[in-house]
Amino acid sequence: MRDASVSERLLDWYDGHARDLPWRVGPAARRADERPDPYRIWLSEVMLQQTTVAAVKAYFQRFTTLWPTVGDLAAAEDTAVMGEWAGLGYYARARNLLKCARIVAGDLGGHFPDTREGLAGLPGIGPYTSAAIASIAFDRPETVVDGNVERVISRLHAVETPLPAAKPELTALADAHTPQVRPGDYAQAIMDLGATICTPRSPACGICPLMDMCVGRAEGIAATLPRKSPKKAKPVRRGVVYVGRRADGAWLVETRPQSGLLGGMRGWPGSDWAEAVPDHAPPADAKWAEAGEVRHTFTHFHLILDVMIADDLKEPRRGRFLPSAEFRPSDLPTVMRKAFDLASGQLGTVEQQSNGSV
DNA sequence: CAAACGTGGCA
DNA sequence: TTGCCAAGTTT
């Protein structure tokens, strides 16, 4: 196949099949010279890292309503931003989002760099995101290589080398297809193709604009690509959390350390998490009772969390009391919200249940 | 380079 | 229930 033909096919297909997304300037508007807002492209791209479009939409709407410009975001309280990110996962993204916003709003005068080189290296902006912003927001001919592109290109060229070893080869192949015309639309086109036609399971090869060019399809192995190295099994870890409130209803919460799992997020005090529940002390004296257990799976381990509840907390040894009016379950990362949901269903009857104090 | 880093949907 | 997967980055 000739390199130019792939991009021409994809751009023609995109003109008729582009997804309508909240952060996107569609092909028709783009032809009318409407430009994407770099802030919105950056925000959406960071949210979309390892995250589905469906999950991102509501968060994107909320963030852009609360903080319409990078200056607004840069001026926000850390706690507010982390709370709004809660539930989306990979919380280092939110910490880096704030760092990046403050660099752009400060040293860079409120303007995002308009080249891949200028973007790369800003907090949370790696090889993919720098290329995505440069191409989509600034129409630079940079090559995006995300999971969609890896899938499309590995099938198109029948690359059987497993990922991640195949990444350099796939990047080189993808780069050869990137056009000088409409590079921003092209980047979105190839990702849309991967998301809607060249899907991980049961690809719709019969309606694919690249059907007759696809070597993987010709060889009958398209659906099995890309190959991936085997993954490690997830171990089980165990721990305890204490979901407690003071007599006036204030909740005992803490902010987790800025680095590591759930870094910078609000959570319930508790033990560390390990193969066996580590030795620990409750965060405050109270008549703690067992509410049950919560199961949650992280990227690299399963967690079984024993949830303790009490509503008669004394002076805490750790954490701080958050007045009931300031507490929002939606500010919690999902595992902590699960613990809250379990606890809140029982806290009304904690007095009857509790007979073992700690 | 391997590992850490979240979550929800789907087969 | 289990494993795979989603617009990756950082250490």
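No hydrogens, no waters, no symmetry mates; every other heavy atom, side chains included, goes into these values. Labels below follow one simple rule: chain letters A, B, ... track the order of the sequence lines, proteins then strands, and each chain is numbered from 1.
- Which of dA7(C), dT9(C), dG6(B) sits closest to the side chain of Glu45(A) comes down to dA7(C).
- Note on Pro333(A): only backbone sugar-phosphate atoms sit closer than 4.0 angstrom, heavy atoms only; bases stay farther off.
- On the P atoms, dC5(B) is 22 Å away from dA6(C), given to the nearest whole Å.
- Distance, Asp341(A) CG to dT7(B) P: 13 Å, rounded to whole Å.
- Relative to the side chain of Arg93(A), the nucleotides dA3(B), dG6(B), dA7(C) differ in distance, and dG6(B) lies closest.
- Listed candidates were dG6(B), dG8(B), dC5(C). Nearest to the side chain of Leu261(A) is dG6(B).
- You'll find the ring centres of Trp251(A) and Phe321(A) outside the 6.0 Å limit.
- Each of Val53(A) and Ile125(A) has a nearest nucleotide on DNA chain C; the 5'-most of these lies closest to Val53(A).
- Both Ala165(A) and Arg237(A) lie near DNA chain B, and the one whose nearest nucleotide falls closer to the 5' end is Ala165(A).
- Regarding contacts with the backbone of dC5(B), a side-chain N or O of His300(A) is found under 4.0 angstrom from either OP1 or OP2.
- You'll find the ring centres of Phe112(A) and Trp42(A) inside the 6.0 Å limit.
- For the OP1/OP2 pair of dT9(C) and a distance below 4.0 Å, the side-chain nitrogens and oxygens of Thr129(A) include at least one atom meeting the criterion.
- Side chain Arg151(A) to base dA6(C): no donor-acceptor pair is found below 3.5 Å.
- Base contact: Trp23(A) has a heavy atom under 4.0 Å from a base atom.
- Rounded to an integer number of Å, the gap from CZ of Arg95(A) to P of dG6(B) is 7 Å.
- Whole-Å rounding puts the Gln49(A) CD to dA7(C) C1' distance at 8 Å.
- When the C1' atom of dA7(C) is taken as reference, atom CZ of Phe60(A) falls 13 Å away, rounded to whole Å.
- Put simply, CZ on Phe298(A) is 14 Å from C1' on dG8(B), counting in whole angstrom units.
- Nucleotides dT1(C) and dG8(B), compared at atom C1', are 16 Å apart to the nearest Å.
- His300(A) and Phe298(A) have their aromatic ring centers separated by at least 6.0 angstrom.
- Across the protein-nucleic acid pair, Asp192(A) atom CG and dA6(C) atom C1' stand 14 Å apart, rounded to whole Å.
- Between the side chain of Thr51(A) and the base of dG6(B), a donor-acceptor pair under 3.5 Å is found.
- Looking at heavy-atom distances under 4.0 Å, Ile41(A) makes no contact with the nucleic acid at all.
- The hydrophobic clustering, which links ILVMFWY residues whose side-chain heavy atoms are closer than 4.5 Å, places Ile221(A) and Leu210(A) apart.
- A gap of 15 Å separates the C1' atoms of dG6(B) and dC4(C), to the nearest Å.
- Checked against dT9(C), dT7(B), dA7(C), the side chain of Arg24(A) finds its nearest nucleotide in dA7(C).
- When the nearest nucleotides of DNA chain C are assigned to Thr52(A) and His302(A) by heavy-atom distance, the more 5′-ward of the two goes with His302(A).
- Across dT10(C), dA6(C), dT7(B), the shortest atom-to-atom separation from the side chain of Asn96(A) is found for dT10(C).
- Across the protein-nucleic acid pair, Arg295(A) atom CZ and dG6(B) atom C1' stand 19 Å apart, rounded to whole Å.
- Straight-line distance from the CG atom of Leu262(A) to the C1' atom of dC5(B): 9 Å, rounded to whole Å.
- Within 3.5 Å, a donor on the side chain of Tyr90(A) pairs with an acceptor on the base of dG6(B), or the reverse.
- The side chain of His296(A) has dT7(B) as its nearest neighbour among dT7(B), dA6(C), dG8(C).
- Closest heavy-atom contact between Gln49(A) and Thr51(A): O-OG1, 2.8 Å.
- As judged by a 4.0 angstrom heavy-atom cut-off over every strand, Gly263(A) is placed among residues making no nucleic acid contact.
- A sub-4.0 Å separation between OP1 or OP2 of dC4(C) and a side-chain N or O of Lys228(A) is absent.
- Judged by distance alone with a 3.5 Å cut-off, a donor-acceptor contact links the side chain of Thr299(A) to the base of dG6(B).
- For the pair Arg320(A) and Trp268(A), the cation does not sit on the ring face, since its NZ or CZ is not both under 6.0 Å from the ring centre and inside 45° of the axis.
- Residue Thr334(A) places at least one side-chain N or O under 4.0 Å from the OP1 or OP2 atom of dT7(B).
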So Trp23(A) and Phe63(A), ring pair (Phe, Tyr, Trp, His ring centres under 6.0 Å) or not? Walk me through it. CA-CA 12 Å; Trp23(A) 46 86; Phe63(A) 268 67; over 10 Å; no
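- The side chain of Lys231(A) contributes an N or O atom lying less than 4.0 Å from OP1 or OP2 of dC5(C).
- Counting non-hydrogen atoms under 4.0 angstrom, Gly87(A) reaches the backbone sugars and phosphates but no base.
- Taking the C1' atom of each, dG8(C) and dC1(B) are spaced 16 Å apart, rounded to whole Å.
- A ring-centre distance under 6.0 Å is found for His280(A) and Tyr242(A).
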